[in-house]
Each structure stands twice: as C-alpha cells, then as structure tokens.
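Residue numbers begin at 1 in each chain, while the letters A, B, ... track the order of the sequences.
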Amino acid sequence: MKKYDPSKIEKKWSAKWAKDKIYEADISSGTKPKWYQLVEFPYPSGDGLHVGHVRSYTAFDILSRKRRMEGNNVMYPMGWDAFGLPAESFAIKTGVHPSITTKKNIANYKKQINSLGLSFDWSKEVSTSDPKYYKWTQWIFLQLLKHGLAYKARMPINWCPKDKIGLANEEVVDGKCERCGTPVEKRDKEQWMLAITKYAERLDKDLDTADYPDRVKSQQKNWIGRSEGAEIEFLLDFKSKPKLNENRGPQGEKAAIKVFTTRPDTIYGATFVVLAPEHIWVTLATDNDHDVLDNKEEVKAYIKTATKRSEMDRTALGGEKTGILLRGVVAINPATSEEIPIWVADYVLPHYGTGAIMAVPAHDERDFDFAKSHNLPIRQVIEPIFIQETEPGKVRSDKEWVERVAITAIVKHWRDDKYIGLKWKKVNWETLITGGVENNQTPEEAALAEIREETGYQNLKFVKALPRTHAKFFHVPKDVNRFAHFYVLYFELQDDKRESLADGENDIHEIVWLTKSEMEKFHLPASHRYSWETLMNPSTLWTGEGIMINSDKFTGQSSQETKNEIVQFIGGKGVTRFKLRDWIFSRQRYWGEPIPVMYCRTCWEELGINNKELKEGQDYVLISGQEHLIVPVSEKDLPVKLPKVEKYEPTDTGESPLANIRSWVDVKCPICKGSATRETDTMPNWAGSSWYFLAFCIMDNLKSKELVSKEIFSDDVQSKFKHWLPVDWYNGGMEHTTLHLLYSRFWYKFLYDLKIVPTSEPYKKRTSHGIVLAEGGEKMSKSRGNVVNPDDIVKTYGADTLRLYEMFVGPFDQMAMWSSDGIIGPRRFLERIWKLADRVTNSQQPKANKIDSTIHKTIKKVSEDVEEMRFNTAVSSLMVCANELEKSESVSKEQLELFLKILAPFAPFVTEEIWHDLGNNNSIHTESWPEFDETLILEETSTIAVQVNGKTRATLVIKKGAEESVVVERAKAMEEVDKWLKDKTIIKTVYVKERIINFVLG
RNA sequence: GGGCCAGUGGUGAAACUGGUAUACACGCGAGACUUAAAAUUUCGUGACCGUAAAAGGUCGUGUGGGUUCGAUUCCCACCUGGCCCACCA
C-alpha cells in the first residue's frame, strides 16, 4: 500500500499536464460550444500569491474543469496587471528597473499558481507592461482621441504630496490618498481626461439587462448617479448698474443664471439662488475687466478661502454653511417674478449640474441650514403626502377610493406632560385622534366634536394649527381606500371633566395617555408621526413629494405629477444629469503606458488655435491644445516604448521622470518637421485592465507586426472576437465594482461603437467573492504578521487539501476566516479516499445498489452546487458520499471511478493518481462529467414526520405514493403518537405528501 | 445621515419553494491500538429537567410582537455587527 504523499504526485502531474497541454482552449474546434471563464488577473506583487487569490481561482478552476468535462471548449486564461506603483516605489528605493522586479514576481506567481493545479491556459498569457500589449492600449487611446473622447483640461486635481501623484476621484477615500493615507491637496494641472460621461446613460441603462448581483448593480447605478431634473434660467437684474440690464447676448437674450434642480415643483418656494465659488459667472464678475458687484473685493476674498479648502474640509464641516451675498444684482424667480438674492456658497458643488441652484429652504435640508444661518426667508410650498405601503393599512388595489377632508388632533393633558393616543381594537392601529370634517364645519369645530365623541373630555383650548398633511391608506374598519386631507390641530385640555361615551364608541378604540417618550415608541402612521414631530420641533422639514400650496395655479396639484407642466410653464428644459465625472487619465509616473502624443509649438503658432482639424494621410488628427498643437503619434510608430531612466522619482514640478530624458522627449514633428516634444504623462493602472479580456482572445495577433487597425479589423481577429465574446462568467472582487468594472464596460462599449467587438456588454454574468481574513478576523497584512502563505500550506498538506479547504470554509460570496485547525479536515478526507482506493484495487467486488444511489445523489448535488457557487456544500456532500462508501462492505471499480470524476475538479492531483492506479492511461480531466441516473436516486420509501399541534412526535417510514388515508391510519396507530391523541379531538389533519402529517387538536 | 447585507452549538457552518433545526467539518469527552505519545480507529457531543441507567419531557436559530396547522425561512418594530455611499440640488 502506497502512502499518500502529495508533494510527490503533485509535481509529477502538473509537469505532465503542461506537457500534454490539456487545458488549452482551441478556437478551431468549431463543434464544441465555447465557454469563456474569466477571473480578475492579479497585480504581481512582491508578496506573492494571497490565499484570497487561491480561493477565487480555485472556485472557477472547478467550474472550468467541469465545463471541459461537459464537452465545452473552455478558455480560462490568466495574465498580469503588471504596471503599478509598488514596482515603481521599489525602483525608487533600490534603482532596480520595474520591469526586472515585475518579471521576477510574475515568475513566482506562475510557479505558485501551477503548484495549485489551476488549469489556466498559459498559451494565452498576457502582461500589460509588455510593449506588444501596451501598443494596443495606446492604440485604443488614440481612437478615443480621434473620436473626441480624450481631451486635455486644466483641472483642480487631487494631489498626494507624499506619492507626488495626481489621483482620480475614485482613488481618494475620505479626503485621503487611497494608497498611503496622506490627506489629499488640490492642485491645478493640465490633465488628460476621458469622457466617460458621454457613455453614462448607456452604462446605466444597460445594467438592467446584465446578469450581475443586485448589490453590484445598485453600486454602479449609485456611482453613475443618474437623476432627472430640469435646467431653469433665472434672469439677472443689475440693481446698482441698471445700464447693464440693457446688454444682450448674441441671440438677444438677457443675462441669466442657469440652475439645475430635480424639484422644479418647488420653484414657488425658491427664495434665493446659490452659485458655487468656481461658477464661471462668479469668476467673470470678480475679474478685473468687470464691475457689476458692489462688494467685489469681499466676494473675491470669500472665493479665495473657499476654493483653497480641500473637498475634504468642505464636506467635513457639516453644520455651518458659509457663503456671501452678491450685492448689486438679484435674480428673478421665473415662477413668481419676485426678485431674490444671489449668494455664493461652497456647499454648492461646481461639477454637478450647472454649479448653480435655486434654493428652496422649506424643502431641502442644505438650503434650510443655509437660510437659517443667513436669515433668509423660508416659504412652504409642499404639503406632505404619505402613502401607506406597509400593513396595517396598506393601500389595496382592489378597493375603491374615497377622498375626504379630515382632521388630526393632538390633545395635551390638563396637568401632566402627556398626550392622547388611540389604540384601535379591531385593527392593529395606534393613532392620534382623527376624523372627518362635515360640510358645514370648520376644522376646529370638527376636531372638537371628534375629541368629545371619542374621548368624552369636554373643556378644550385650541392652541395652534400645525402644517396640513395628506395620506393615502386603506381604512380597515370602513373597508375602503382613503385619500385623506388632514387639518392638524393642537389642543390643551383645561380640566378632567368628562362625559360618558356613546354606545359602541368604547369598542372602537381605547384611550391611552402617553408621555413624549412613549409617544415616540407609539406606532403612529407616517402622517400622524409627522404631525407629532412638527409639534415637537416646529422646524421639521419635508423634503418628499406632496400637494402643492402657495403655487398660484398649481396649488392643490400633486407635486410629482406637476413637474413637467411647471418646467414648461417657466420655460425650463428637462435634462438628465449624472454624478459620474470624466475620468482623469494622466499620471505623472514612470511605470505606466506612455500617452502616445506629441506637442508642437511651431505648428500651433503657424496654424492658430482655431484650426481644429488637419489631415495628413490617414494617421493624423489634430486637436487644438493650449499652447501647443497636440499631434497624435502615428499608428506605425506604436508602441511608444518606455525609455530607460536613471531616477524614478517624479520631478519636483510634479512631472513624470520621463520629462528628464531629453533624448526621448525631443522628437521631430511629423507635420512641420520641426522640433516637437513627447507627452510625458503615463496612463493609470486602469488602462491596461480595461481590455485585457479581449487580449486573451487574440494572443497571436498581439504579436503581429501589422498596423493595429489593419490587424484588429482582419477576419482573423474578428472571427476570434465573435467566437469568444462576451465573457460568459466574470468573477472578481467587490472592490472593483465601481472602477474597473465601469471603466472596462466603457471601453468595451466604445469598441462596440467602432464595430470591433460583437456585443455592447462585455460580461454576460458577473459575480464576486468574499475576502479571506486572517485567523482573528483581521485583514491579512505584512505589518500584522498574519499572512498565510499558500506555499507553506501546499508543502505541509498538499495543494488538493488547500483547494478543498478553501472551498469548504464557507459560502463563496461571503468573507471567510482562515483557520489553521480546520484545514486538517479536508486532508483527512483525502487520506480516506486514498485508502478506499486501495480496497478497490485489491479486489473486484460486485455492484452494491445502495452505493449507486448514494453516488448518483452526490453527482446531482455537486453538479447543481457548482453552478450556484455553493462550493462548500458540494464538498460536504462529497464527504457524505465518501463516508457511505467507507461504510459499505464493497465498492466496485466503476463506482469509485464515478466518484473520482466528480471529485476531480476539486482535487485534481489525487484523483489523477488514483485514476491511473486503477489502470487508466488517459487523464481523468479529459473524461466526461457523469450524468446522474434519476431512477437510481428515487427511493422506495419516504420518511414522514408525524406532528401533533405542529410538534414532531414520531417519524413514519412508508412506501412511496401511499394514500393519505393509509398514512393517517398508520400514523394514528403509532404508540408515540397515540399517547398525544388519546382523549382529544382532532379538528384538522394537514398532510403534505411525502413530508409531514400534522394532527391539530381542539 | 442614506443604502445594502448578516446574526443558528464551544468554532467554521447546513437546512431545496414555509414542512423532522444544527448536515459536513473542526474542537472536546470516553474507549481501542501503543511501553508511551503522535497518527489511526470506535462511540458520544444544543441547553435544561428527569433517571441508578433508560424512558420521557420542556426550551431553543440576536430581542419583542404578528401571520400560519406549522416560521431559521414571510410581515412589523427593535438591538448588534459588517460593507458601500455621503452637501450630487
């Protein structure tokens, strides 16, 4: 009997598999259906493979192996996201070229991956830092440039003073650098930008049809931040410079401020206008050439302090909102024609909407805060509406609607600080006093009548009216849907004089006296809750929808339904806006793809800034820059390779170290043949990973010497894309939901528009895995010293054990905690399989039917679980099956082989070894996936739980398909059951076929 | 502040569409093998009451309610933990 020695067999088989190339995808075999399985490729860091990588790579290795066995042409590729900061930081410290470090790390990763038996197709390996690869990354950039989606802009960028690098908004977390935690500063810098916002609508809409988990979808939607609203113009009136009012724009229009709002229905409550400090009109109004403000210097001073503050400070302040009034000019509210003041305040963000808002303090918290601290008028124009969407009182679609004017009354105790609440008897309602208003009654009269009728108390003092409310709910006692318009009144009882209630009144509800804190816990319906809050805190805001008031001809209408009408009425325009901002694409770094453009001063001077397009051959598109003409590098000169440099630090001016390499920077201008300079910015990390899944499909073509355009539109590439795309299943980390996933979708859609790729979405299905935490539930990190190195585990237990353990540890999409105790379980399991095999090889035994049933059940369970990513329960069912096999007197070779086949994707090494020991010469991984036999799974008997009053008292084993009457008789006859039934009457018997029988006693 | 998710033995976790709660594994306890230990192996292992031992019973899926013959699963409220977003008009 051989001993199970993983180190021996694992080495042997990984060499053999590599030699036989059993995992290579083959496009030429057109008969097999394709399966493109993708996992996110790693950044090859110096720390080596993380056990988290092992978890997700193994999971989809299992799926890929299963797919292959099911007869698919599977591509499960791997590559390297090889540009990145760590290699560059290392270079700065040691002077070792990042390409050397990267190469070393890749070799290590590859060795580790192979030791795990992962079935990646290495013939498709790509590395983003390989010039043959980034030639194409640069080419895609040039296409973006040609199509107006790449542009330069002077932007206040997020600057990390420690890393000396500009950061994308996405890389700033809580105002700090995502990498090093240093607070981020603002700096003005000319940057390359990609106009991802032009794709915002499609990136949002196409999510609806994508098979992504809901949380991924909602995170993307949230990030894109689509909102529908309107742009509305507020005309300006220059009070102290009336002459300016006669100035007209080119179309004869008057000076105006355009605001963006999602709530045009609140315009009658817009009592002032607020501009962001960066707003272009403010910039103009405060420059030296203009003189429109009475307090220009003051405003300038404010803008200076406001813009100096980083975004962090601006958002962190929370409470106090600063701002300054523009003197000498007012805006005209287009709905009311009122003159309203204009303020500049930094709570308005320059990049969202138009950078200007109409402030409606009565219905917006930020505007409310601002109005309060600057003493600005607050005018209510919406009365809240509450639609009951939960029981009790949920609106019912099958019931008729009755609209009624009604009152809500809050009544205070004559002596104590207590208030009346009603507990309803026939419904589970807790409310304030409420009732209808008759035609001839004032609300006050109606409320008084209602209070006396429902409580019997007589002497009440009307104190004040509270804001009205409206509610839609189902009135349970009356059995109708009610649309109630409430007057809300507050009374104080004068004494305890009380008369007895009318007949029946006591049966409807009970009166309870509640303290303020008890009232907080009382389950009031939303409209009553709101009224209570307005009593306790008169400045309670309503920011939701409702019924319009104080709005001229719109008064009484629903705010939601009136939005469009109002926009029309005031001459506004409905628009859609996004939170998503354009992608800052420049990095002042060495270790990235050079941005393939040049700058020519001569051309710019000669051709002038307005000459936007000039062609010389097909390869040049010229775009006017700031002080240079931007000349894209000709396609035939791609790739623009990274030159060797001496020092890797960014320059003090924040330029990339490339700027110091004159021999590289100075080039000849392809147009004027004069001198030009290269762009020294490089692309961000996200560039290479935005299309790597395309590269896997066309590996051979990447090496081609043909021009990229020629190659990419070739029949060869096109047929490869048509064959493999879209990716069938893409798994990755939750942390890439907003950035990588969005960027790659954006590039893919762009390439779709160029008719390069065949579909508009790159990934058919996306899932994400949970992270692997260290033993104590902390994140694994070098500084904590709690990193688990997969190499050590492979050495001690073998790769198969590691694979099984990581699958078994818990649900794949949830986080998992590493446990050095738990890993012994899977190892013992494999040892037992090993021994089991010995028993079979030693003697041929006859078939045992019970074992067949067990195995086929397991085939079914494992097949289903793998598809649903329930790897943990798949492993557990394999264990259950093995336990049964062990217990059995005899296991045949055929039976064991079946079991090995379904275990093979999980533990590829042991299964291959045993498979060969059983006398097979081919690889088990080229076998086909077993199908389960339904007839073997079906059992002849079923076990029925016998319950009395819902409690299980016995179980009954009975033939399948037994009549209900038979089951009932047999169950009743059982001793354990009979003793509970004795002397009792059975009022009901519930029978669920083949599951339970429940006797309900009277 | 807003959104999403989770809470089950000593531990990681199972439980399909509302139908025998705790599968599988770790750990722990007892026995076998051994001079001994490790490894292996057999049995046991939710809590409480009960018994010499059984039999048997009650409780039990974060807390409190509800719907149901029956709830870990559905509904309401609350507590705790995690993740994401956060002046986006």
Any chance you could encode RNA chain B as dot-bracket? Rule is Watson-Crick or G-U wobble with both distances under 3.5 Å; [ ] for pairs crossing earlier ones, | for another strand.
(((((((..(((......[....)))((((((.......))))))((((......))))..(((((..]....))))))))))))....

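Rounded to whole Å, the P atom of G7(B) lies 11 Å from the corresponding atom of C74(B). The separation of G60(B) from A47(B), taken at their P atoms, amounts to 16 Å, rounded to a whole angstrom. One C1' atom belongs to G18(B), the other to U67(B), and the distance between them is 12 Å to the nearest Å. The gap from the P atom of A71(B) to that of U20(B) amounts to 12 Å, rounded to the nearest Å. For the P atoms, the distance linking A77(B) with C5(B) amounts to 15 Å, nearest Å. Comparing C69(B) with G56(B), their C1' atoms sit 25 Å apart, to the nearest whole Å. Comparing the C1' positions of C26(B) and G62(B) gives an interatomic distance of 24 Å, to the nearest angstrom. Taking atom C1' on both G50(B) and C59(B), the two are 14 Å apart, rounded to the nearest angstrom.
When each of E976(A) and G353(A) is assigned the nucleotide of RNA chain B bearing its nearest heavy atom, the one mapping closer to the 5' terminus is E976(A). Looking at which nucleotide of RNA chain B each of K988(A) and K579(A) is closest to, the 5′-most match is held by K988(A).
Judged by distance alone, with hydrogens and angles left aside, the side-chain atoms of T955(A) form no donor-acceptor pair with the main-chain N or O of T943(A) at under 3.5 Å. Using modelled atom types, one side-chain atom of R263(A) and one backbone atom of T543(A) make a donor-acceptor pair closer than 3.5 Å.
Rounded to whole Å, the distance from CD on Q814(A) to P on C4(B) is 17 Å. As rounded to whole Å, 13 Å separates atom P of A89(B) from atom CD of E545(A). Atom P of nucleotide A86(B) and atom CG of D364(A) are separated by 18 Å, given to the nearest angstrom. Counting to the nearest Å, the C1' atom of G70(B) and the CZ atom of R953(A) are 13 Å from each other. Summarising the geometry, the separation between NZ on K951(A) and C1' on A71(B) is reported as 14 Å, rounded to the nearest angstrom. The distance between atom CZ of F999(A) and atom C1' of G19(B), rounded to the nearest whole Å, is 15 Å. Rounded to an integer number of Å, the gap from L524(A) CG to A77(B) P is 13 Å. Rounded to whole angstrom, the span from the CD atom of E778(A) across to the P atom of G82(B) amounts to 13 Å.
Aromatic ring centres of F578(A) and W223(A): separated by at least 6.0 Å. The six-membered or imidazole ring of W542(A) lies near that of Y530(A), with a centre-to-centre distance under 6.0 Å. Ring pair F272(A)/F370(A): centre-to-centre distance below 6.0 Å.
For the pair K221(A) and C4(B), the criterion of a side-chain N or O lying under 4.0 Å from OP1 or OP2 is not met. Using a 4.0 Å cut-off, no side-chain N or O of W834(A) falls inside it from OP1 or OP2 of U40(B). Distances shorter than 4.0 Å separate none of the side-chain N or O atoms of K861(A) from OP1 or OP2 on A14(B).
Qualifying side chain to side chain contact (heavy atoms under 4.5 Å, CB included) partners for E228(A), counting only residues two or more places apart in sequence or in other chains: R226(A), T576(A).
Within the nucleic acid shown, W818(A) has no heavy atom closer than 4.0 Å to any nucleic acid atom. No engagement by R827(A) is indicated, since no non-hydrogen atom pair under 4.0 Å with the nucleic acid exists. Within the 4.0 angstrom heavy-atom criterion, base atoms lie near V990(A).
Within 6.0 Å of CE on M815(A) lie no more than 12 heavy atoms contributed by other residues, nucleotides or ligands.
For R529(A) and E430(A), the salt-bridge test fails: no basic side-chain N is under 4.0 Å from an acidic carboxylate O. Classification of E831(A) and R827(A) as a salt-bridged pair holds, one side-chain N sitting under 4.0 Å from a carboxylate O.
A distance of 13.0 Å separates CG of L742(A) from NE2 of H736(A), quoted to the nearest 0.5 Å.
The glycosidic torsion of G66(B) lies more than 90° away from 0, which places this base in the anti conformation.
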Using a 4.0 Å heavy-atom cut-off, write out nucleotides 20-32 of chain B from 5' to 3' as B (base contacted by protein), S (sugar-phosphate only) or - (no contact).
BS-BBSSS-----

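Screening V273(A), D367(A), D364(A), L275(A) for a side chain to side chain contact (heavy atoms under 4.5 Å, CB included) involving I357(A) leaves a single residue, D367(A).
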